[in-house]
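Right, one structure below, let's go through it.
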Amino acid sequence: MKKKSVKNDNSTVNSLLVRRPIQRWFPLFILPTFLCFIIGFIWPFAQGIYLSFCTFNTPKDATWVGVQNYVKAVTDPGFTNAFWNTAKFAVVSIILINVLAFSIAYALTQKMRGANLFRTVFFMPNLIGGVVLGYIWSMIFDAILKQYNTYLTANAKYGFWGLVILVAWQQIGYMMIIYIAGLQAVPGDMLEAAKIDGANGWQTLFRVIIPNVMPSITICTFLTLTNSFKLFDQNMALTGGAPEIMAQGAKIKMTELLALNIYSTYNINKNWHGVAQAKAVVFFILVAVLAIAQQAATRSKEVQQ
Amino acid sequence: MKKVFALLLTLAMVLSLAACGAKEETPAEKPAETPAASSDAGSVYYLNFKPEADQAWQDLAKTYTEQTGVEVKVVTAASGEYETNLTAEMAKSEAPTLFQCGNAQSLMTWGDYCLDLTGTDVLAEMTTSDFNLTEDGAVKAIGYCYEAFGIIVNKALLAEAGYELSDITDFASLKAVAEDIHARSAELGFDAFSSSGLDGSSSWRFSGHLANMPLYYEFRDDGVTAQPAEITGAYLNNYRAIWDLYINNSSAEKTSLTTATGDMSSGEFKEKKAVFYQNGTWEYAGLVEAGIASEDLAMIPIYCGVDGESEAGLACGTENCWAVNSQASEADIQATLDFMKWVVTSDEGTQMMAEQFGPIPFKNAKESANVFFNDANAYMADGKYTVTWAFNHTPNVDSWRSTVVSALATYSADQSDANWDGVVTAFVDGWAYEYNMQNG
């Protein structure tokens, strides 16, 4: 069926008759979304920052206490420990996930039988929720470690590397998809030119392919960085921070990452709500700074095609 | 015209959003009706704590009103919302006359509202004062039901191994029996203790209930009645002794305890693979359902080698305590006290209490089918001392327990003195730390 009377091309949209009211009334059109954004994001965010300077049980009964919460937050050995755990975890998992995801993507973009099947299979772990994965992997690790007469939460090292394996297993498939898209966009004539010029496989990889997939690398490192900093449910379900020890007159959960630390601080009792809030603000600044720095660093290496 | 229309639309949008945001919070449960202001007779307003017993209370209130003409209003707070509801209701002019004040924390908040029940008829009906909350000699709240925990015994298996319940009277005899059964486990086909799992579904039995033993004896010696800032751990060697007994005389591997669940432990007991199983009165229905004959079941105290413990009863405690609102009018207070007395003495009342709450610590209590309660009552009747729930004082309880569990797991994998020091640190230093955290 053809519509005859309606001209459906750019000239209609661009006509002055249509454009002028849009230009005049655009605040009205963005208003619903903008209001939602304020209610759902800006306002809670501002309130969160305000609450980090307060003691409170519910947001309604907040009383201002100044920077006291921040002092408590940064002097908490559990928080420091969680920070270093997170930093180590981020470094290890960024390298591991990206190298493996890139390698698999590279392998699966070569002409091989069943590449599509492999892509699907590698992507599948990403479809399972973090809590479920945490519990399943804790069983797997415990079953393995049982052979060596020990258990997952016996040693902080087991918990740490267990978490690395879990997260790598979960995220490699996702990053792989991004890398595959990047690899497929590498212009064929460039590869051909490299071949004609006599470049070997490694030279082609490092001089042609990697510079061309730099946008994918930027995205993937950004995602793995923020993912590993924000990691929460896998951490909670796998070890829950155990083993816990008393040291320096304080309790330290050996395998706790930042997000879980904030969560458990909040749940101590109402005296700690403000401190957890302060930790969350510190955490936000940390993630924001790291992500911006990382973006700037990798962006500069991207090439225009 | 268009402008006006657009403005109207905008307004509608904004208003609908605002309407979403400004929705008034309604209290969880509103009393269906306010009772007619009764004049001289007074009336009762009970703010009930247990949602599952709501219907039973409503029916009982109706019966009482039919019999005596005294108005009884029962309102039930939603689960976990009791404190909030109580705060809201107490602020009203028609405040509850009977409410729940179950632990030291609650007493701190509501102590001023609790009538001293000394000399009241309902108090005179009680068989024990162990579950009551007192403050400066005044009885502020009375425990109207309780739970008990100890070591559940399969008497049939015990007999098969050549022992009977009366052979176990203290730690030494328990140890002798358990070690003998463990040594002959291959030939007998069952072991002494069910697995002492330290998985989250099971660890509370040891970081909570078993840990109550050293805490109880320490607090008894030191006369501690309120939450202490620090503990000494004077009885931790007893804790170690009983823990060693549990894990050394069980079929479970010591290194896999962190993953052993509560279901595994109860499963071993239900499948008649273990004679002893540490748990509480609430397990009764499940065990009978699993096919263990009720007459084969018994509960004995957790013996851990403290002097004079052959005089110990089961560890009984409760958070279900009644308090009468002292701020209510004279007539209402009298009506409430009469109602309470009727509940624990009348046929209808005791019947309902036995069904809903098990045996109640009152003279006219109806028998319960639960043998564990009957055991608990028998120990009390024999004049043995009740081990009270000292763990109710634990600061920041979940966090404290998880540290103890971590240390206990390390110790279980390798029962060295150094690892036990870790448990002691988690127990004693952990307590001080959590106390500071809680109050910091």
Side-chain angles (χ1 to χ4, degrees), chain A residues 21 24-25 27-29 31-36 38-40 43 55 58 60 68 72 76-78 135 138-139 141-143 145-156 237 239-255 264-265 267-272 274-275, chain B residues 2-3 6-7 9-14 16-18 20-21 25 84 105 198-200 203 253-260 395-414 419 421-434 436-440:
Chain A
R24 195 178 293 162
W25 288 96
L28 179 64
F29 289 110
L31 190 69
T33 320
F34 189 59
L35 275 177
C36 290
I38 289 177
I39 292 168
W43 172 243
T55 60
T58 62
K60 276 181 195 158
Q68 170 192 325
K72 271 191 191 169
D76 174 10
Y135 285 123
S138 74
M139 284 182 223
F141 290 135
D142 270 320
L145 289 169
K146 205 174 170 182
Q147 310 297 318
Y148 302 94
N149 236 350
T150 182
Y151 52 96
L152 182 61
T153 52
N155 189 324
T239 62
E244 307 174 11
I245 56 156
M246 297 293 307
Q248 308 152 38
K251 188 167 102 165
I252 294 174
K253 293 185 173 183
M254 302 295 283
T255 58
S264 41
T265 306
N267 283 330
I268 293 172
N269 63 24
K270 68 183 169 79
N271 298 336
W272 292 84
V275 180
Chain B
K2 254 192 206 163
K3 270 188 187 173
L7 266 174
L9 276 178
T10 325
L11 217 65
M13 260 185 309
V14 173
S16 61
L17 280 173
C20 290
E25 279 174 36
T84 327
Q105 190 120 24
L198 290 174
D199 174 80
S203 62
E253 260 178 74
K254 292 169 196 170
T255 46
S256 59
L257 288 181
T258 42
T259 50
N396 213 357
V397 51
D398 292 338
S399 180
W400 182 80
R401 284 183 184 178
S402 67
T403 323
V404 171
V405 170
S406 248
L408 216 47
T410 311
Y411 170 74
S412 306
D414 170 20
N419 280 342
D421 287 344
V423 178
V424 175
T425 310
F427 213 93
V428 178
D429 296 2
W431 185 288
Y433 171 73
E434 299 296 357
N436 285 332
M437 290 297 273
Q438 178 187 272
N439 298 301

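Naming convention: chains lettered A, B, ... in sequence-line order (proteins, then strands); numbering from 1 in each chain.
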Subject >> Engaged part of B:Thr259 at the chain A interface, taking heavy atoms whose separation is under 4.5 Å >> reply: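 The side chain, not the backbone.
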
Original post:
Of the backbone (N, CA, C, O) and the side chain (C-beta and beyond), which part of B:Asp429 lies under 4.5 Å from a heavy atom of chain A, both, or neither?
Top reply: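 B:Asp429 touches chain A through backbone and side-chain heavy atoms alike.
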
Original post:
Pick from B:Asp414, B:Val405, B:Asn396: which one has the most heavy-atom pairs with chain A under 4.5 Å?
Top reply: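 Highest number of pairs under 4.5 Å: B:Asn396.
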
Subject >> Among B:Gly430, B:Ala426, B:Ala432, residue most engaged with chain A (heavy-atom pairs, under 4.5 Å) >> reply: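 The option with the most such pairs is B:Gly430.
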
Original post:
Which region of A:Ala250, side chain (C-beta onward) or backbone (N, CA, C, O), has a non-hydrogen atom less than 4.5 Å from a non-hydrogen atom of chain B, or is it both or neither?
Top reply: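 Its backbone and side chain both get close to chain B.
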
Subject >> Heavy-atom proximity to chain B below 4.5 Å, by part of A:Asn149 >> reply: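 Both parts, heavy atoms under 4.5 Å.
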
Original post:
Which heavy atom in B:Ser402 sits nearest to a heavy atom in A:Lys251, and how many Å separate them?
Top reply: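 For B:Ser402 versus A:Lys251, the nearest heavy atoms are OG-NZ, 3.7 Å.
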
Original post:
If you take all heavy atoms of A:Ala242 and B:Ser406, which pair is closest and at what distance?
Top reply: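 The answer is CB-OG, 4.2 Å.
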
To the nearest 0.5 angstrom, please state how far the [atom1] atom of [X] sits from the [atom2] atom of [Y].
X	Y	atom1	atom2	result
B:Thr403	A:Ile252	OG1	CD1	11.5 Å
B:Asp398	A:Ser264	CG	OG	12.0 Å
B:Arg401	A:Glu244	CZ	CD	13.5 Å

Original post:
Is atom NZ of A:Lys146 surrounded by more than 12 heavy atoms (other residues, nucleotides or ligands) closer than 6.0 Å?
Top reply: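 Open: at most 12 neighbouring heavy atoms sit under 6.0 Å from NZ of A:Lys146.
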
Subject >> Given A:Thr150, A:Thr153, A:Leu152, the one that forms side chain to side chain contact (heavy atoms under 4.5 Å, CB included) with B:Thr258 >> reply: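 One option only clears the test, and that one is A:Thr153.
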
**OP:** Check for a donor-acceptor pair, side chain of A:Tyr151 on one end and backbone N or O of B:Ala413 on the other, with a separation under 3.5 Å.
**Re:**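 Flag not set: sc A:Tyr151 to bb B:Ala413 has no pair under 3.5 Å.
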
